[in-house]
Amino acid sequence: MADVFKDPSLGDPSFVDSSFVDSYLVGLIGSGIGPSLSPALHEREADRQGLRYLYRLIDIDVLGVGPEAVGELVRAARDLGFDGLNITHPCKQLVIEHLDGLAPQAEALGAVNTVVFEADGRAIGHNTDVTGFAASFARGLPDAPMERVVQVGAGGAGAAVAHATLTLGAERVTVVDALPERATALADSLNRHFGPGRAAGATPDRLPELLADADGIVHATPTGMAAHPGLPFPARLLHSALWVAEVVYRPLETQLLSTARALGCATLDGGGMAVFQAADAFRLFTGREPDSARMLADIAELAGAVPAPK
């Protein structure tokens with residue numbers, strides 16, 4: 001499987017001298033990740049800190065392999081001297097069985113978005129999505145009511161943002177997913193962690209009644225990404241009393257956000273989560289403190305958006 005790294009789209013990692021103290025080789029494994037801004041976010045911050053830092057995309061679609069190949073890709077990256085990896089859809093949960101250990105946050109969530117290769121070669125899974133979303137929400141929707149929150153999506157990102165939402169003070173989160181067993185499993189996990197009655201699972205057909213009484217909605221599916229355009233549910237279910245938080249960040253202005261904003265909803269784009277989770281991953285990879293304010297300016301520029309006022 002190491003041969004997959006010879007794909008021209010990945011470049012040649014050999015020029016990064018791993019013996020050089022301030023040299024780092026990292027990557028992102030996922031599907032349809034060509035538009036990802038992670039390489040630029042990491043490399044720009046590394047440049048400002050005087051680091052030699054190469055961030056490569058490892059797109060399973062480009063390589064012609066399925067998500068079940070994530071274990072082989074992780075092993076190949078370790079063998080080739082990578083310092084760490086970010087993991088995204090659809091591999092955040094599949095990667096766990098191929099790791100040597102999990103940080104407490106990742107273990108509690110059952111999802112990994114960051115893998116660090118330690119000095120002894122062990123691959124340790126972390127999750128910076130939960131801290132990334134929490135920091136972004138606190139910054140962008142600080143006064144949002146959180147008695148009843150509906151979340152659409154119970155995958156790897158969904159597990160992280162649901163934990164973050166309850167940590168931020170939501171009284172109850174209802175997780176909606178097209179796979180009922182996945183929504184139920186996440187709700188059960190949340191109730192074990194936060195206490196009985198804090199979460200419930202539901203199917204999409206219940207969205208009309210759930211959103212009618214909700215304070216806000218968190219969207220945590222790939223719908224709205226450049227490769228998956230559209231709305232995750234009918235626009236008629238939105239109303240002005242809702243706040244809407246998005247996980248997708250490319251584009252920053254998804255169809256869901258533009259539709260919600262036109263109705264007068266308070267909104268939060270996915271850019272803040274992308275930055276704060278990237279900053280946390282950068283810290284794990286390098287041991288250095290990133291400047292998240294500079295990275296927020298980076299993503300606004302890279303996505304062609306005007307920075308939101310503080």
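FYI, side chains are in, hydrogens and waters are out, and symmetry mates aren't considered; it's all heavy atoms of this structure. Computed from a predicted structure; not experimentally measured.
Nearest heavy-atom pair across Leu109 and Ala160 is CD2-CA, 3.8 Å. For the residue pair Thr223 and Val248, the shortest heavy atom distance occurs at O-CG2, 3.7 Å. Summarising the geometry of Ala200 relative to Ala187, their closest heavy-atom pair is C-CB, 3.5 Å, with the distance given to 0.1 Å. Smallest separation of non-hydrogen atoms from Leu242 and Cys265: O-CB, 3.2 Å. Of all heavy-atom pairs spanning Ala106 and Gly125, the tightest one is CB-O, 3.7 Å. Between Ala220 and Gly158 the shortest heavy-atom distance is CB-CA, 3.8 Å.
Between the Arg56 side chain and the Val26 main chain, no donor and acceptor come within less than 3.5 Å of each other. Distance alone, capped at 3.5 Å, is enough to place a donor-acceptor pair between the Gln49 side chain and the Glu289 backbone. Remark: side-chain polar atoms of His89 are not paired, donor with acceptor, to backbone N or O of Gly155 under 3.5 angstrom. The backbone N or O of Ala134 sits nowhere less than 3.5 Å from a side-chain atom of Arg139 that would complete a donor-acceptor pair. When atom types are taken as modelled, the side chain of Asn127 and the backbone of Ala111 share a donor-acceptor pair closer than 3.5 angstrom.
Taking 4.5 Å as the limit, some side-chain heavy atom of Phe285 sits within range of a side-chain heavy atom of Thr114. Contact of the Val74 side chain with the Val95 side chain is registered, since non-hydrogen atoms from C-beta on lie closer than 4.5 Å. Ile124 is not listed as a side-chain neighbour of Val115, based on a closest heavy-atom distance of 4.5 Å or more. Within the 4.5 Å cutoff, side-chain heavy atoms of Ser36 are placed close to those of Tyr249. Side-chain contact between Met146 and Thr165 is present, with at least one heavy-atom pair separated by less than 4.5 Å. The closest side-chain heavy-atom distance from Pro39 to Leu28 is not below 4.5 Å. Residues Leu85 and Ile58 form a side-chain contact, since some pair of their non-hydrogen atoms from C-beta on lies under 4.5 Å apart. Here the side chains of Thr221 and His219 are in contact, with some heavy-atom distance below 4.5 Å.
Using cut-offs of 30° and 60° on the angle between ring planes, the pair His193 and His163 is tilted. Between Phe133 and Phe137, the ring-plane angle classifies as tilted under the 30° and 60° cut-offs.
No option in Asp280, Thr128, Asn86 other than Thr128 meets the side chain to side chain donor-acceptor pair (under 3.5 Å) test with Asn113.
Using a 4.0 Å cut-off between a side-chain N of Lys or Arg and a carboxylate O of Asp or Glu, Asp215 and Arg172 do not qualify as a salt bridge. Look at Asp100 and Arg78 and you find a salt bridge, because one of the NZ, NE, NH1 or NH2 atoms lies within 4.0 Å of a carboxylate O, short of that distance. Ion pairing of Asp47 with Arg44 is absent here, as no side-chain N (NZ or NE/NH1/NH2) approaches a carboxylate O to less than 4.0 Å. Ion pair Glu45/Arg48 flagged as a salt bridge, since at least one NZ, NE, NH1 or NH2 atom sits closer than 4.0 Å to an Asp/Glu carboxylate oxygen.
Distance check, rounded to the nearest 0.5 Å: NE2 of His126 to CD1 of Ile87 gives 12.0 Å. Leu263 contributes atom CG, which lies 11.5 Å from atom CZ of Arg261 (distance to the nearest 0.5 angstrom).
Residues Val70 and Phe82 fall within the same hydrophobic cluster, defined by Ile, Leu, Val, Met, Phe, Trp and Tyr side chains chained together at heavy-atom separations under 4.5 Å. In terms of hydrophobic clustering, with Ile, Leu, Val, Met, Phe, Trp and Tyr side chains grouped at heavy-atom distances under 4.5 Å, Val244 and Val247 are assigned to different clusters. No continuous path of ILVMFWY side-chain contacts below 4.5 Å connects Trp243 to Leu210, so the two sit in separate hydrophobic clusters.
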Practice item. Please report the C-alpha distance between Arg206 and Glu209 in whole Å, then the side-chain angles of each, then the deciding distance to 0.1 Å, and finally whether the salt bridge (Lys or Arg N to Asp or Glu O under 4.0 Å) criterion is met. Key: CA-CA 6 Å; Arg206 291 194 56 209; Glu209 62 179 279; 3.4 Å; yes
